[in-house]
Each structure stands twice: as structure tokens, then as C-alpha cells.
Amino acid sequence: MQTIPVNTNPPYGVAIGPGLLKDCGRRLREIIPPCHMAVVTDSIVGPLYLETVTESLKTAGYTVSAYTFPAGEGSKNFTTLSAILEFLAEEHLTRTDCLIALGGGVVGDMAGFAAACYLRGIRCVQMPTTLLSAVDSSVGGKTAIDLKAGKNLAGAFLQPAAVLCDTDCLKTLPPAVFADGAAEAVKTGVLCDETLFALFEDGTLKADPAEVIARCVAYKAGVVERDEREQGERKFLNLGHTVGHAIEKCSGYTIPHGHAVAAGLAVIARASEALGWAEEPLAAWICACLRKNALPVSAEYAPEALAEAALADKKRAGGNITLVIPKKIGLCELKTVPVTELLPVIRAGWEA
Ligand SMILES: NC(=O)c1ccc[n+]([C@@H]2O[C@H](COP(=O)([O-])OP(=O)(O)OC[C@H]3O[C@@H](n4cnc5c(N)ncnc54)[C@H](O)[C@@H]3O)[C@@H](O)[C@H]2O)c1
Ligand SMILES: [Zn+2]
């Protein structure tokens with residue numbers, strides 16, 4: 001078991017290792033006095049892990065109630081948010097109480113946003129159960145819901161009080177959901193260093209996810225500490241996401257986030273080489289790594305459709321778009337270009 005510190009204001013720790021859910025009550029008692037804990041989870045994670053968490057919290061002296069919503073991105077909306085907030089009010093949670101997000105990125109975003117809104121903000125503990133939420137969404141304090149106009153369009157920044165990442169949970173993940181998380185982890189490897197990137201090539205991710213999660217979290221923690229509100233450096237975490245979001249949108253959100261980000265990462269890596277910003281064999285290296293982790297390296301939508309989807313909001317704002325360009329493993333660059341430049345970039349990296 002290891003704990004990665006995140007020195008935001010206030011600071012918190014990300015504990016990573018096996019058996020953490022069983023022990024969550026005792027661990028939380030070290031930082032949160034007895035109170036009412038409202039556990040928010042989804043219809044797949046609940047039957048698997050809610051009882052373990054509830055038992056542990058009760059044994060540690062907490063009052064526990066739970067709210068479960070239907071699993072999936074389709075629940076990340078105002079209806080679910082409203083239902084959670086009403087539930088918290090019915091349960092009479094006060095500002096000294098706490099919300100727990102038990103699940104993947106959807107639960108983390110939903111519960112995090114509810115915690116940020118309820119009584120203008122109560123504590124939230126993240127217990128990520130997918131690889132994606134472990135390496136990415138549970139850390140950093142971004143929360144959001146989707147609007148009809150697009151994904152993640154309403155949200156808040158709320159740093160969690162703690163993150164407990166029980167690596168045993170990854171054992172029940174369907175392979176495609178595991179792969180989604182691998183995409184964000186490979187993205188971090190490209191941003192971070194060759195040591196992390198190499199772990200995806202030698203199979204460490206499957207064999208020892210805790211090692212990869214810890215490295216990804218440590219990298220993200222550093223970025224978030226320096227740029228909590230995404231004014232600058234945090235933009236690097238969007239590597240692969242401009243095209244990735246466009247792919248998600250073109251698919252009507254039937255392609256999951258991680259798969260779309262993988263294809264988006266492949267497109268931008270090939271474009272970077274083709275336009276002379278990176279040297280071979282960067283794209284081949286990244287694509288091989290994505291394939292090895294059961295991820296796609298191409299997009300089935302035409303460059304024109306992708307550019308249009310990516311620029312739908314940006315065009316209205318006018319002007320420029322900031323792209324994250326991989327130059328080599330461990331070195332990326334932010335390039336702000338006129339929106340008209342996006343289509344040629346996507347064309348340069350597009351492959352059917
Ligand atoms: N806030 C952020 O910084 C941030 C960052 C990246 C992604 N996100 C968001 O995260 C979401 C994607 O997260 P996700 O990929 O974890 O999706 P998810 O939460 O929908 O989980 C994927 C599926 O796996 C199931 N599941 C979760 N844990 C399981 C387990 N241990 N065993 C078996 N099944 C399990 C879920 O019920 C769901 O059906 C997107 O909405 C995305 O926008 C947020
Ligand atoms: Zn992402």
C-alpha cells in the first residue's frame with residue numbers, strides 16, 4: 001500500500017493498494033470524525049462493493065446511507081444530480097457530514113458535483129473502482145455533469161478529502177472498461193516519462209496496476225498542485241482529448257471516453273510526425289502501445305466531421321484552439337492555433 005500526497009489547498013492523500021474498501025472506515029477515522037456518510041454508487045458497483053464499504057464505515061462508528069443510480073454515462077445529468085441532492089436533504093446531511101463516491105468516473109463526477117453543490121459544499125471522499133477513475137478522474141477535483149449541448153458542460157472544482165483506491169476492484173472490470181483506463185494511463189506515459197511509458201509495453205499494467213496507478217497519480221498530483229484551475233499546465237492533461245471528444249460526439253457517445261482518447265492520441269501523434277513537430281517512430285511507438293492494450297488507433301469518422309465536432313463550441317467563442325502536441329515520450333508542447341488550422345492537423349494524422 002502506498003499513499004501519494006496531493007498538496008492542494010486543502011491537501012489530501014491518495015491511498016493505493018489491495019483491501020482498502022474493507023478497511024475504509026478505520027482509515028477515514030484518521031481524518032474524518034464520526035458523522036453521516038452518504039455513499040453514492042451505481043447499479044453495477046453497488047451490488048459488488050456497497051456492503052463491504054457500509055460494514056466497514058459502520059464498524060468505525062459512522063452513520064451510513066446509500067444512493068444508487070443506473071450505471072452508465074446516460075446518468076451523468078441534472079435528473080440524477082437533483083435526485084442525489086434531494087436524497088441528501090431527506091437524510092438530513094449537514095455541512096460536517098460527508099459524501100462518498102464509490103464507482104468509476106461517472107459516479108466520481110456525479111457525487112463530486114453533488115458534494116460541491118449541497119449546502120454550498122460538503123466533504124467528498126473518492127473510492128475509484130475503474131482503472132480510469134484510479135489513474136485520472138478521482139484525483140484533481142474536477143467534477144461535472146453532461147448537458148444536452150455536450151459533455152461535462154456544468155461542474156465545479158472540489159478537491160476530495162481523501163482518495164481510497166482499492167486495486168482489488170479492478171479484478172471485476174470487464175476487459176473493455178479496463179482498456180478505457182489504460183488509454184488515460186498511456187496518455188500520462190506520453191506526457192510523463194519513458195519509465196512510465198515502458199510499463200505499458202512490458203505488461204506491468206495488467207500484472208501490477210498499483211505501480212502504474214501510483215506513477216500516474218503522482219504525475220497528475222504535481223500538475224494539479226501547480227495549476228489547480230486549468231489556467232496553464234493542466235491543459236497538458238488534455239493530450240488526445242480534442243480529437244477524442246470529437247470522436248465521442250460523432251458516435252453519439254456510444255464510443256466510451258477511453259477508447260475515443262486512444263484514437264485521438266494516435267491521430268495527434270501521427271499528425272505531429274507528419275507536420276515535422278516530432279520524429280519517427282513516436283507515432284508507431286504510441287500506436288503499438290495502444291494496440292497492445294486493446295485500444296483503437298484510428299477513427300471511423302472523416303476529418304471534416306471530427307473538426308466540426310471539435311469546433312462546435314470553440315467557433316462560437318471565435319479565434320483559437322490550444323492543442324497538446326507530443327514531441328517525444330515525456331515531452332509535449334501546447335500549441336495555440338487558429339481554429340482553421342485544426343482540420344489540416346487532423347487530416348495529417350487521420351487514418352481509416
Ligand atoms: N473529473 C475528471 O477529471 C474526469 C477525468 C476523466 C474522465 N472523467 C469522466 O469519467 C467518466 C468515465 O469514467 P469510467 O470509464 O470509469 O466510466 P463509468 O464510471 O461509467 O464505469 C464504466 C462501467 O464500469 C462499471 N464498473 C465500475 N467499476 C467496476 C468494477 N470494479 N467492476 C465491474 N464493473 C465496474 C460501471 O458500473 C460502468 O458500467 C466519463 O464521464 C468522463 O467524462 C472525468
Ligand atoms: Zn479523459
Side-chain angles (χ1 to χ4, degrees), residues 20-21 40-50 52-53 68-77 80 101-113 115-116 124 126-147 150-160 163 165-188 191 209 216-217 220-221 223-224 228-230 234-245 247-249 253 255-265 295 324:
L20 283 173
L21 292 188
V40 174
T41 189
D42 73 26
S43 55
I44 293 176
V45 179
L48 291 169
Y49 302 113
L50 182 57
T52 306
V53 169
T68 304
F69 63 79
E73 185 72 31
S75 286
K76 220 176 89 171
N77 57 32
T80 313
L102 174 66
V106 168
V107 170
D109 270 5
M110 273 311 317
F113 192 28
C124 182
Q126 293 281 344
M127 296 187 186
T129 63
T130 62
L131 182 59
L132 183 140
S133 54
V135 298
D136 192 355
S137 60
S138 64
V139 178
K142 269 198 194 177
T143 74
I145 59 168
D146 304 332
L147 301 183
K151 268 198 64 172
N152 298 328
L153 289 183
F157 285 96
L158 177 77
Q159 296 298 338
V163 181
C165 174
D166 185 338
T167 47
D168 286 338
C169 294
L170 305 178
K171 292 177 187 158
T172 54
L173 283 180
V177 179
F178 189 89
D180 278 325
E184 299 279 9
V186 171
K187 172 201 82 175
T188 309
L191 287 168
C216 289
V217 166
K220 185 166 180 182
V223 173
V224 168
E228 218 174 308
R229 297 264 164 164
E230 200 169 313
R234 196 166 175 169
K235 292 191 176 125
F236 280 102
L237 300 175
N238 293 330
L239 174 63
H241 279 60
T242 301
V243 176
H245 284 146
I247 293 170
E248 278 184 281
K249 207 168 177 179
Y253 299 99
I255 297 181
H257 182 72
H259 280 65
V261 166
L265 180 57
L295 287 161
V324 189

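The first residue of the sequence shown is numbered 1, and numbering continues consecutively from there. Heavy atoms only: backbone and side chains are in, while hydrogens, waters and symmetry mates are out. Atoms within a ligand are numbered from 1 in the order they appear, just like the ligands themselves.
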Polar-atom distance check: V45 versus ligand 1, any N or O pair below 3.5 Å? no
Can you find an N or O of K142 that's nearer than 3.5 Å to an N or O of ligand 1? yes
With a 3.5 Å distance limit and no angle check, can you tell me whether D180 reaches the backbone of H259 through a side-chain donor-acceptor pair? yes
Starting from the Zn ion (ligand 2), look over the N/O/S atoms of H241 and name the nearest one. NE2
Sub-3.5 Å N/O-N/O distance, V177 and ligand 1: no
Give a yes or no answer on whether the side chain of N152 reaches the backbone of I145 with a donor-acceptor pair at less than 3.5 Å. no
Note: ligand 1 atoms sitting under 4.0 Å from heavy atoms of A71 are 37 (O), 39 (O)
Heavy-atom side-chain contact between K220 and T188 under 4.5 Å: no
Heteroatom distance test (S133, ligand 1): nitrogen or oxygen, under 3.5 angstrom: no
Let me know which of H245, K249, E73 forms a side chain to side chain contact (heavy atoms under 4.5 Å, CB included) with K151. E73
Hey, is ligand 1 close enough to D136 that some N/O pair sits below 3.5 Å? no
For ligand 1, which is the ligand I care about here, please tell me if T143 has any N or O atom under 3.5 Å from one of the ligand's N or O atoms. no
N or O contact, V106 vs ligand 1, cut-off under 3.5 Å: yes
Just go through D42, T129, D168, T41 and tell me whose heavy atom is the nearest to atom 28 (N) of ligand 1. T129
Among all protein heavy atoms, pick the one closest to atom 10 (O) of ligand 1 and tell me residue, atom and distance. G105 CA, 3.3 Å
Are any side-chain N or O atoms of S133 and backbone N or O atoms of S138, one a donor and one an acceptor, separated by less than 3.5 Å? no
Pick whichever of K151, Q126, M110, H257 has a heavy atom sitting closest to atom 43 (O) of ligand 1. K151
May I ask you to decide if G103's main-chain N or O and T41's side chain share a donor-acceptor pair within less than 3.5 Å? no
Looking only at N, O or S atoms, find the one in E184 nearest to the Zn ion (ligand 2) and name it. OE2
Counting each atom of ligand 1 from 1 as listed, which ones have a heavy atom of C169 under 4.0 Å away? 30 (C), 31 (N)
Give the numbers and elements of all ligand 1 atoms closer than 4.0 Å to a heavy atom of I44. 34 (N), 37 (O), 39 (O)
Please answer whether the main-chain N or O of L237 pairs with a side-chain N or O of K187 as donor and acceptor at a distance below 3.5 Å. yes
In terms of atom number and element, which parts of ligand 1 are under 4.0 angstrom from non-hydrogen atoms of E73? 40 (C), 41 (O)
At what distance is the nearest protein heavy atom to atom 9 (C) of ligand 1, and which residue and atom is it? D109 OD2, 3.6 Å
If the cut-off is 4.0 Å to any non-hydrogen atom of T172, which atoms of ligand 1 fall inside it? 30 (C), 31 (N), 32 (N), 33 (C)
Closer than 4.0 Å to some heavy atom of L48 - which atoms of ligand 1 meet that? 32 (N), 33 (C)
Between D166 (side chain) and L21 (backbone), is there a donor-acceptor pair under 3.5 Å? yes
Please answer whether the main-chain N or O of E228 pairs with a side-chain N or O of R234 as donor and acceptor at a distance below 3.5 Å. yes
Once you round to the nearest 0.5 Å, how far does CG of L147 lie from CG of N77? 9.5 Å
Ligand 1 contact on L170 by region, counting heavy-atom pairs under 4.0 Å: neither
Hey, is the main chain of H241 close enough, under 3.5 Å, to the side chain of N238 for a donor-acceptor pair? no
Is it true that a side-chain atom of T129 and a backbone atom of C169 form a donor plus acceptor pair closer than 3.5 Å? no
For R234, is at least one N or O under 3.5 Å away from an N or O on ligand 1? no
Would you indicate which of L173, D180, L102 comes nearest to atom 35 (C) of ligand 1 when only heavy atoms are counted? L173
